[in-house]
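As the structure is a computational prediction, the values presented were derived from the model and not from experiment. We count ligands from 1, going down the list as the structure has it; atoms in each ligand are counted the same way.
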Amino acid sequence: MRCDSVPLADATATDALYMERCLQLAEQARGHTSPNPLVGCVIVAAQRIIGEGFHPKAGEPHAEVFALRSVATGDRPLLTDATLYVNLEPCNHYGRTPPCTEAIIAAGIPRVVVGMIDPDPRVAGSGIERLRAAGIAVTVGVCEAACQRLNEAFVHRVRNARPFGILKYAMTLDGKIASSAGHSTWISGEAARAMVHQLRAECDAIIVGGNTVRRDNPHLTSRHPHTPLRVVMSRHLDLPLDAYLWQTDAAPTLVVTTAPADHPLVPHLQACGVEVVCRPVLTPTTLMKELYNRGIMTVLWECGGSLAAAAIAEGMVQKIWAFIAPKIIGGTSAPVPVADLGLQKMSEALCLEEVTWQTVGQDILVSGYLPKSAAP
Ligand SMILES: Nc1c(N[C@@H]2O[C@H](COP(=O)(O)O)[C@@H](O)[C@H]2O)[nH]c(=O)[nH]c1=O
Ligand SMILES: [Zn+2]
């Protein structure tokens, strides 16, 4: 990850380099920390790194503690002349772990460089204040844009009390996600599918609708060790008895429905190890709230066009990953990735921001963010 750091009056020439190392370290835990952020920490003294660490998982010590623990006994006297780099403001509260500010102060470190302020209201600037009150020189905002980007899901979750939503789809060059007959395997090539498995491993949950289960019978697993929760949103529970989702226990599965708890499919699903939750109201918003309450930070919408349109309309999608395959299937009734959004004029189209393009094998991946104003 490259840092395009805005020059700061109190930053040194090498601060951005060490912050980049923090980002690299933090990245190693992607997909494992929810609902906690990705945090890396580097301790530098005598122009060399004497300690480093990252936060591996919620409930485990924070990055700063791992970095402090990693300093060799022979290097400990250097701590009183060291700079500690961390991409997120050190915490100042007793959560699952004690405050990192206390550990930094106790170590006698005279300077701390922070990438960004922690949006968690339990911290929100108080960590920086605490360090400064202890006489530590604190520089804030080195590589800030890259730090914000790294923790975009954490920031969104804390600020909005719901998970960060990514809508992923693969479509043909003529904008179809299946043929008119409903056939959809495979639109994108192997390289794109491998990338989707990587993306799934970085998310906490994948959401599909009942239609996708009926038509595509997907597995929704990942080739990587971390497999996210598979979530099926099905109002009427009109789901097949023998879907792959219930036949494999490769990943936990949750079905959320408005059907009554005594619906005949419920005991069958439960016997297959599927968790069934019955709710009076089920919309993309209520589902995301449910997932938020379970500590979920990043959600991948891998649904069909109707559910995708509802999720977008309700502001439950922040980012788009669209794979475009250079093939044409045609068909006026062939399904499209996003159904009706009620927009009439092209000037009303949702224009993605910070768009990137890349080739993935034969396919193109277009990725970007929905405008924040699109959310309710
Ligand atoms: N993981 C992390 C931080 N996470 C901060 O602590 C909160 C979680 O606290 P806890 O439940 O005790 O783990 C989280 O919401 C965020 O504000 N802070 C840091 O200085 N360094 C870290 O490595
Ligand atoms: Zn901490």
Side-chain donor-acceptor pairs of residues 322-345 under 3.5 Å, sequence neighbours excluded:
| residue | atom | partner | partner atom | Å |
| --- | --- | --- | --- | --- |
| K327 | NZ | W186 | O | 3.3 |
| K327 | NZ | I187 | O | 2.9 |
| D340 | OD1 | G342 | N | 2.9 |

Electrostatic pair D174-K176, nearest N-O below 4.0 angstrom: no
CZ/R21: more than 12 non-hydrogen atoms of other groups inside 6.0 Å: yes
If only protein N, O or S atoms under 2.8 Å count, total around the Zn ion (ligand 2): 3
Nearest non-hydrogen partners of T221 and R230, listed with the distance: CG2-NH1, 3.7 Å
Heavy-atom pair with the smallest gap, counting every atom of E302 and K168: OE1-NZ, 3.2 Å
Contact residues of ligand 1 (heavy atom under 4.0 Å), by chain and number: N36, P37, V39, H55, H62, A63, E64, E89, P90, C91, H93, G95, R96, T97, D118, D120, R122, V123, F154
Pair D204 + R294: basic N to acidic O under 4.0 Å: no
ring-ring contact (aromatic ring centres under 6.0 Å, His included) partners for F66, two or more places apart: none
Salt-bridge criterion met for R223 and E190 (N-O under 4.0 Å): yes
Whether W321 side chain and L199 backbone form a donor-acceptor pair below 3.5 Å: no
